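A quick write-up on the structure given underneath.
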Number of protein chains: 2
Amino acid sequence: MTQNYNTEKRIIDAARAVFTTKGYNGATMQDIANEADVNKALLHYYFRSKEKLFNLIFDEAFSCILSNLTNLLEEELKFEKKLKRIIEAYIDTFVSYPYIPNFIIHELASNANQLDRKLKEYKISKYFFIRRFIKIRTEIDNEIVKNRIKDIEANDLIINIISLCAFPFLLRPIITFNDGMYNSTFKIQMEMRKESITDLIINGIRNKKHNSSLLRFFFI
Amino acid sequence: MTQNYNTEKRIIDAARAVFTTKGYNGATMQDIANEADVNKALLHYYFRSKEKLFNLIFDEAFSCILSNLTNLLEEELKFEKKLKRIIEAYIDTFVSYPYIPNFIIHELASNANQLDRKLKEYKISKYFFIRRFIKIRTEIDNEIVKNRIKDIEANDLIINIISLCAFPFLLRPIITFNDGMYNSTFKIQMEMRKESITDLIINGIRNKKHNSSLLRFFFI
DNA sequence: GTCTATAGCGGGATAGAC
DNA sequence: GTCTATCCCGCTATAGAC
């Protein structure tokens, strides 16, 4: 029983490592078996098929992103503070699971059915995300009406935040290539980005009272 | 001869379509043959192997990104104007070839040797990129010394720009999912991002004390 | 240049011994 | 639960007819 648990866990850990680096098609059951140091037949004994094993790993990663964020969106916080918290939450997630951005992005792109499947499984409609974002969107629009931030598209702002948080993890192979930059250095860099990104976003969208009319002349 | 050319071109176009959506491992020679509407054996007749055909497509995409940017970096332009031009160039490239970000990112991540191979093939060292960026880095640092922009890492600024330009194209499957948003709408959105991203970056890094003098140089 | 046929191999999956 | 052996399919690649 103990042995059972260890084997199952070892397989899952191996599957995560292999699937998230090579992708579904690039990974083989033999790769995973080698990584887990178990017999190939055992993978089928525990998880029946490659697809089932993959879905386990994919769902794990997908849920990780969703759950992290949705709680934050509901919180009652000042606008800037909430932006800061969202950015921190994203970076924290990706520092803990740096493979997630590349994995999710690639699997969604190469197989649109994945997104479809996930949504159906969660019994959520295509408006799930939209509903989740209504609150923060409203808050953004409120800030605009109060003339405290520039007249930007709320969607754009959300996309910008996700881009700034996630993309460096996709660039990692290039950033760290042959560069003597090891994991710890990369982690530190990403930690520091929490503040610099928050800074960039807030300064980038904030309206400054004394020159707001001038800025409007130029940009709107 | 004419027939020959058409066949070869059809295969290349088909290979580009298939490889860039399914990735190297996801794509099969049969897929490409079907897409090109030619016999599978012809792919080997023209391109010898799957790998050679793939490298052709990959190199095409990789070169596209590099060539686009390196020229710009050498130009003599005011700092803000150069940022604006770089952002425009990136977005233009990705609007024309929206598959490039996902393709490059995934193939580099799943096969680190690709990056290695590309650099060796070009007979360029690992410092190729760094040399290319020295000029813009120096310019960034100059702006900091003059106290016109905040004290940020030049590398961070570059990463931020690339992130904001490229990542929305990776999010496309999610953004446009079941959303009635068709290609033309997405393109328009990306076109508008040219200005909003430039705006965000420049306002995000500008030092408030000196912004009035900075404004003069804005859209020269 | 273009096709059909097939070699040869690797991968997912299963049967069955222990 | 774990292993070996094996089935079977699909893929790359090539041989050879036309």
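In the text below, chain A, chain B and the rest are named by the order of the sequence lines, each starting its count at 1. Keep in mind that this is a model prediction, so the values were computed, not measured.
- Enclosure of atom CD in B/E60 by more than 12 non-hydrogen atoms of other residues, nucleotides or ligands within 6.0 angstrom is indicated.
- The side chain of A/H44 contributes no N or O atom lying less than 4.0 Å from OP1 or OP2 of C/dT14.
- Judged by the 6.0 Å distance and 45° axis criteria, B/K50 is positioned over the aromatic ring of B/Y24.
- Between A/D31 and A/R48, the residue whose closest nucleotide on DNA chain C is further toward the 5' end is A/D31.
- Atom pair B/I32:CD1 and D/dC11:C1' shows a separation of 12 Å (rounding to whole Å applied).
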Sort me out a list of protein N/O and nucleotides 4-9 of chain C N/O pairs below 3.5 Å, or just none if empty.
{"from": "C/dT4", "atom 1": "OP2", "to": "B/N39", "atom 2": "ND2", "distance (Å)": "3.1"}

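- The CG atom of A/L42 sits 15 Å away from the C1' atom of C/dA15 (whole-angstrom rounding).
- For the salt bridge (charged side-chain N to carboxylate O under 4.0 Å, His left out) test, residues two or more places apart in sequence or in another chain that qualify with B/R193 are A/D156.
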Give every pair of a protein N or O atom and an N or O atom of nucleotides 8-10 of chain D that lie under 3.5 Å apart, one pair per line with the distance.
none

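- One interatomic measurement links the two molecules: OH of B/Y46 to C1' of D/dT12, which rounds to 19 Å at whole-angstrom precision.
- Rounded to an integer number of Å, the gap from CZ of B/R10 to C1' of C/dG1 is 12 Å.
- Listed for the A/K84 side chain is no donor-acceptor partner under 3.5 Å among the backbone atoms of A/T198.
- With C/dT2, D/dT2, D/dT12 as the candidates, the nucleotide lying closest to the side chain of B/K50 is D/dT12.
- When the ring-ring contact (aromatic ring centres under 6.0 Å, His included) test is applied to B/F94, the partners found at least two apart in sequence or on another chain are B/Y90, B/F169.
- Counting non-hydrogen atoms of other residues, nucleotides and ligands closer than 6.0 Å to OH of A/Y97 gives a total of 12 or fewer.
- Checking the phosphate oxygens (OP1, OP2) of C/dC3, no side-chain nitrogen or oxygen of B/Y45 falls inside 4.0 Å.
- In this structure, A/M29 atom CE and D/dT2 atom C1' are separated by 15 Å, rounded to whole Å.
- In this structure, A/E51 atom CD and C/dG12 atom C1' are separated by 12 Å, rounded to whole Å.
- Partners of A/F103 according to the ring-ring contact (aromatic ring centres under 6.0 Å, His included) rule, which considers only residues two or more places apart in sequence or in another chain, are A/F54, A/F58.
- Atom-to-atom, CG of A/N25 to P of D/dT12 comes out at 11 Å; the value is rounded to the nearest Å.
- Remark: B/D92 pairs with B/K194 by the salt bridge (charged side-chain N to carboxylate O under 4.0 Å, His left out) rule, at least two apart or across chains.
- Contacts of B/A33 with the nucleic acid, taken as non-hydrogen atoms under 4.0 Å apart, are absent.
- Heavy-atom minimum distance, B/T93 versus B/C64: CG2-SG, 3.7 Å.
- Close to D/dT2, at under 4.0 Å from its OP1 or OP2, lies a side-chain N or O of A/T7.
- Taking atom CG on B/L43 and atom P on D/dT14, their separation rounds to 13 Å, with Å as the unit.
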